[in-house]
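Every value quoted in this text rests on a predicted model; they were computed, and no experiment measured them. Each chain gets a letter, A, B and so on, in the order its sequence line appears, and its residues count up from 1.
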Number of protein chains: 2
Amino acid sequence: MEKQDKKPKRWSLEDIRDYLSQHDIRSSVYRLKIFEYLINDRTHPTAEEIYKHLKKELPAISPGTVYNTLRLFLEKKIVQLVNVEKNQFRFDATLSWHGHLKCLGCGRVFDLHIENLKLSGLEGFEIFEKHLDLKGLCPECLKRKNI
Amino acid sequence: MEKQDKKPKRWSLEDIRDYLSQHDIRSSVYRLKIFEYLINDRTHPTAEEIYKHLKKELPAISPGTVYNTLRLFLEKKIVQLVNVEKNQFRFDATLSWHGHLKCLGCGRVFDLHIENLKLSGLEGFEIFEKHLDLKGLCPECLKRKNI
DNA sequence: TATAAAATTATATTGATTATAAAATTATAA
DNA sequence: TTATAATTTTATAATCAATATAATTTTATA
Ligand SMILES: [Mn+2]
Ligand SMILES: [Mn+2]
Ligand SMILES: [Zn+2]
Ligand SMILES: [Zn+2]
């Protein structure tokens with residue numbers, strides 16, 4: 001039998017409301033929807049991408065709200081920054097230790113499972129954050145290139 | 001006998017002139033000095049830090065030259081970006097595969113030796129760049145904090 | 001309902017980086 | 001050497017994601 005990909009559970013708005021509350025964040029329609037997009041779609045979007053995505057469903061939303069909310073989420077540590085972009089922040093609501101690969105062809109940001117990482121020269125240091133970021137091409141873009 | 005730290009060789013201006021030439025980069029006083037600072041001091045400076053450092057010795061230098069030169073060096077792939085800063089680029093002329101730790105106390109960026117890294121889920125991908133970036137506190141800053 | 005607190009909006013500001021065009025320097029040809 | 005072209009550097013303006021500000025709207029609570 002083939003190993004099956006674990007299908008990540010989709011968070012309901014109620015799940016998110018509880019989660020925000022547990023982290024001392026008051027809920028609002030926008031906050032719920034921004035977090036929902038991050039946690040369920042998992043595309044590591046920029047603030048602008050989140051804004052454009054939500055504007056379809058909630059046309060009254062303003063970019064400031066997205067920026068404010070993301071800053072709040074960072075402060076409360078329920079999202080992390082992804083460093084694959086030169087001039088823009090990308091956001092991830094998945095906090096477990098994993099890496100990222102940005103495909104330079106299609107722009108998608110893929111999650112990487114890190115099986116093993118051993119560093120030396122860190123004796124006496126205290127670590128708060130770790131980021132592993134790759135750039136490359138995904139299989140689809142490689143195939144397209146070689147046609 | 002204790003394992004001894006390898007002392008990195010210091011590059012002469014002639015070394016650098018040859019190196020730039022090998023990479024199709026014409027030399028100039030500023031280009032030589034910018035690369036010299038990067039390769040010999042190894043502090044992973046920002047453009048602004050390079051500008052301030054060189055201005056002491058070469059007061060006529062302009063920030064534009066530093067930005068232009070760093071962009072050229074990136075294009076010719078003789079420097080790489082270090083992603084430890086939120087709003088600023090840091091630069092490294094050491095191209096071998098290694099990681100970085102930014103101390104949030106003193107701001108220094110340390111090099112890390114990566115003994116082992118094993119990723120999964122990259123079958124069929126092509127990788128061009130890898131970055132490993134940590135944030136934390138260095139031993140000196142930890143000691144200072146605990147006094 | 002009245003009042004206070006918080007969230008959202010529109011707008012202006014910031015600041016690192018890039019773009020542009022003129023001036024200075026360097027390389028090459030005559 | 002002198003002329004000419006190519007390159008580098010400079011001063012300046014422009015860009016643009018992110019932040020700050022203050023007014024407005026919404027929500028919570030008395
Ligand atoms: Mn991720
Ligand atoms: Mn380094
Ligand atoms: Zn792709
Ligand atoms: Zn330190």
Rounding to a whole Å, what distance do you find between A:Lys86:NZ and D:dA18:P? 15 Å

For atom NZ of A:Lys55, decide whether the heavy atoms of other residues, nucleotides or ligands shown that lie under 6.0 angstrom number more than 12. yes

Using the ring of each side chain (for Trp, its six-membered ring), is A:His53 parallel, tilted or perpendicular to A:Tyr37, with breaks at 30° and 60°? parallel

Using both distances under 3.5 Å as the test, list the Watson-Crick or G-U wobble partner of C:dT14, or none. D:dA17

What is the 5' to 3' range of DNA chain C, first to last nucleotide, that sits under 4.0 Å from any heavy atom of chain B? C:dA16 to C:dA27

Send over the distance from A:Leu58 CG to D:dT25 P, rounded to a whole Å. 19 Å

Atom-to-atom span, OH of A:Tyr51 to P of D:dT19 - whole angstrom: 17 Å

Can you tell me the distance, in whole Å, between the CG atom of B:Leu54 and the P atom of D:dT10? 11 Å

B:Asn87 vs B:Ile61, nearer the 5' end of DNA chain D by closest nucleotide: B:Ile61

For A:Gly64 and B:Arg71, find the nucleotide of DNA chain C closest to each by heavy atoms; which residue's nucleotide sits nearer the 5' end? A:Gly64

Taking only residues two or more places apart in sequence, or in another chain, which ones meet A:His23 in a ring-ring contact (aromatic ring centres under 6.0 Å, His included)? A:Tyr19

Rounded to whole Å, the CZ-C1' distance (A:Arg90 to D:dA18) equals 16 Å

Whole-Å gap separating P (D:dT7) and CG (B:Leu72): 12 Å

Counting neighbours of CD on A:Glu140 that are heavy atoms of other residues, nucleotides or ligands and sit closer than 6.0 Å, is the number greater than 12? no

Where the side chain of A:Tyr67 is defined as all heavy atoms beyond and including C-beta, which of D:dT9, D:dT10, D:dA17 is the nearest nucleotide? D:dA17

Please tell me whether A:Val109 and A:Leu74 are part of a single hydrophobic cluster in this structure, the criterion being side-chain heavy atoms less than 4.5 Å apart. no

Do any of residues 16-36 of chain A sit with a heavy atom less than 4.0 Å from DNA chain D, and if so which? A:Arg26

Applying the Watson-Crick and G-U wobble criteria at under 3.5 Å, what pairs with D:dA30? Answer none if nothing qualifies. C:dT1

Would you sort out whether A:Asp111 and A:Leu101 count as a side chain to side chain contact (heavy atoms under 4.5 Å, CB included), showing the intermediate values? CA-CA 7 Å; A:Asp111 284 325; A:Leu101 178 139; over 6 Å; no

How close or far is atom P of D:dT19 from atom CG of A:Asn68, stated in whole angstroms? 9 Å

Testing B:Phe89, B:Phe35, B:Phe91, B:Tyr67 one by one against B:Phe73 for a ring-ring contact (aromatic ring centres under 6.0 Å, His included), which residue passes? B:Phe35

Partner lookup for D:dT25, please. Criteria are Watson-Crick or G-U wobble with both distances under 3.5 angstrom; report none if nothing qualifies. C:dA6

Which whole-number value in Å describes the distance from A:Leu70 CG to D:dA18 C1'? 11 Å

Value for NZ (A:Lys135) from CD (A:Glu85), rounded to nearest 0.5 Å, stands at 7.0 Å

Step by step, work out the ring pair (Phe, Tyr, Trp, His ring centres under 6.0 Å) result for B:His100 and B:His44. CA-CA 9 Å; B:His100 294 102; B:His44 312 90; 4.5 Å; yes

